[in-house]
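Please read the structure below before turning to the comments.
What you are looking at is a predicted structure, and each value in this text was computed from that prediction instead of being measured. Each chain gets a letter, A, B and so on, in the order its sequence line appears, and its residues count up from 1.
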There are 2 protein chains.
Amino acid sequence: MFKAIITITFKKSILDPQGNAVHKALKSLGYEDVEDVRMGKHVEILLRGDEPQEAETKIKEMCSNLLVNPVIEEYQVELVEVEV
Amino acid sequence: MFKAIITITFKKSILDPQGNAVHKALKSLGYEDVEDVRMGKHVEILLRGDEPQEAETKIKEMCSNLLVNPVIEEYQVELVEVEV
């Protein structure tokens, strides 16, 4: 069994309205030292199987087929083997 | 300057409807090996300052004051020093 931890963020060039909203909220709470806030998605997928190479291929397929919009988003995958 | 990477997830005992929706969508695309999907939030905060201890305290404060709902969510913070 594998656990894939996928972090999906907007590309640097893409505006992040949710991040901007949080930035403003933090400023209004008095946190003046905040320079920037970017938000993203965190996805954890538990996948049956015992071939790391195969698992990684499948996860990347899932990302491009469903989870990630490649026009505006980029992603990173971390794959760890876990006990069943 | 510090970059804080905050990962906010539902507590294990809390149902995750978004994760369930993604799980079902993956199954309908033919990914039968998926055992579970959990979704969470990923927040990156750029913070001015040069005291790691102080930065961490501030980030944790921001989490409990705004970013995290401690009743249903838990979070992890990773703090890295970055070049200005």
Side-chain angles (χ1 to χ4, degrees), chain A residues 1-10 12 16 18-51 54-68 73-78 82-84, chain B residues 1-10 12 16 18-51 54-68 73-78 82-84:
Chain A
M1 185 98 86
F2 294 96
K3 184 188 214 172
I5 298 168
I6 306 162
T7 306
I8 304 166
T9 48
F10 284 120
K12 292 274 176 295
D16 175 7
Q18 199 186 355
N20 289 346
V22 169
H23 192 173
K24 275 183 196 162
L26 287 171
K27 273 201 170 159
S28 78
L29 287 173
Y31 298 106
E32 297 289 342
D33 297 341
V34 176
E35 181 73 25
D36 193 26
V37 180
R38 304 281 290 177
M39 303 283 290
K41 283 177 279 185
H42 169 92
V43 188
E44 290 179 13
I45 297 181
L46 263 185
L47 192 66
R48 285 185 293 273
D50 39 32
E51 272 294 325
E54 198 184 314
E56 198 177 333
T57 309
K58 266 189 196 161
I59 292 293
K60 286 187 172 169
E61 241 183 65
M62 291 177 202
C63 285
S64 47
N65 285 342
L66 181 76
L67 300 169
V68 178
E73 293 173 329
E74 55 194 11
Y75 70 99
Q76 283 185 311
V77 179
E78 191 193 328
V82 291
E83 297 288 314
V84 184
Chain B
M1 184 99 85
F2 293 96
K3 184 189 213 173
I5 298 168
I6 306 162
T7 305
I8 305 166
T9 49
F10 284 121
K12 292 275 175 295
D16 174 7
Q18 201 187 355
N20 290 345
V22 170
H23 193 174
K24 277 185 193 160
L26 287 172
K27 274 203 170 160
S28 77
L29 287 173
Y31 298 106
E32 296 289 342
D33 297 341
V34 175
E35 181 73 25
D36 192 26
V37 180
R38 304 280 290 178
M39 304 283 291
K41 282 177 279 184
H42 169 92
V43 188
E44 290 179 13
I45 296 181
L46 264 183
L47 192 66
R48 286 185 292 272
D50 40 31
E51 272 294 326
E54 197 185 313
E56 198 176 332
T57 308
K58 266 189 196 163
I59 293 292
K60 286 189 172 167
E61 238 184 70
M62 291 178 202
C63 285
S64 48
N65 286 343
L66 180 76
L67 300 169
V68 178
E73 291 172 330
E74 55 194 10
Y75 70 99
Q76 282 185 311
V77 179
E78 190 194 327
V82 290
E83 296 288 312
V84 183

So which residue, B:L66, B:L67, B:I6, ends up with the most heavy-atom pairs under 4.5 Å with chain A?
B:L66

Who among A:T9, A:I8, A:V22, A:I45 has the most heavy-atom pairs with chain B under 4.5 Å?
A:I45

Side chains of B:K60 and B:Y75 in contact at under 4.5 Å (non-hydrogen atoms)
yes

Heavy-atom cut-off 4.5 Å, strictly under: side chain, backbone, both or neither for B:E61 against chain A?
both

Between the side chain of A:D33 and the main-chain N/O of B:L47, is any donor-acceptor distance below 3.5 Å?
no

Do B:D16 and B:M39 come close enough that some side-chain heavy atom pair is under 4.5 Å?
yes

Closer than 3.5 angstrom, by distance alone: can the side chain of B:R38 be matched with the main-chain N or O of A:L46 as a donor-acceptor pair?
no

What residue in B:A25, B:A4, B:G40 has the most heavy-atom pairs under 4.5 Å with chain A?
B:G40

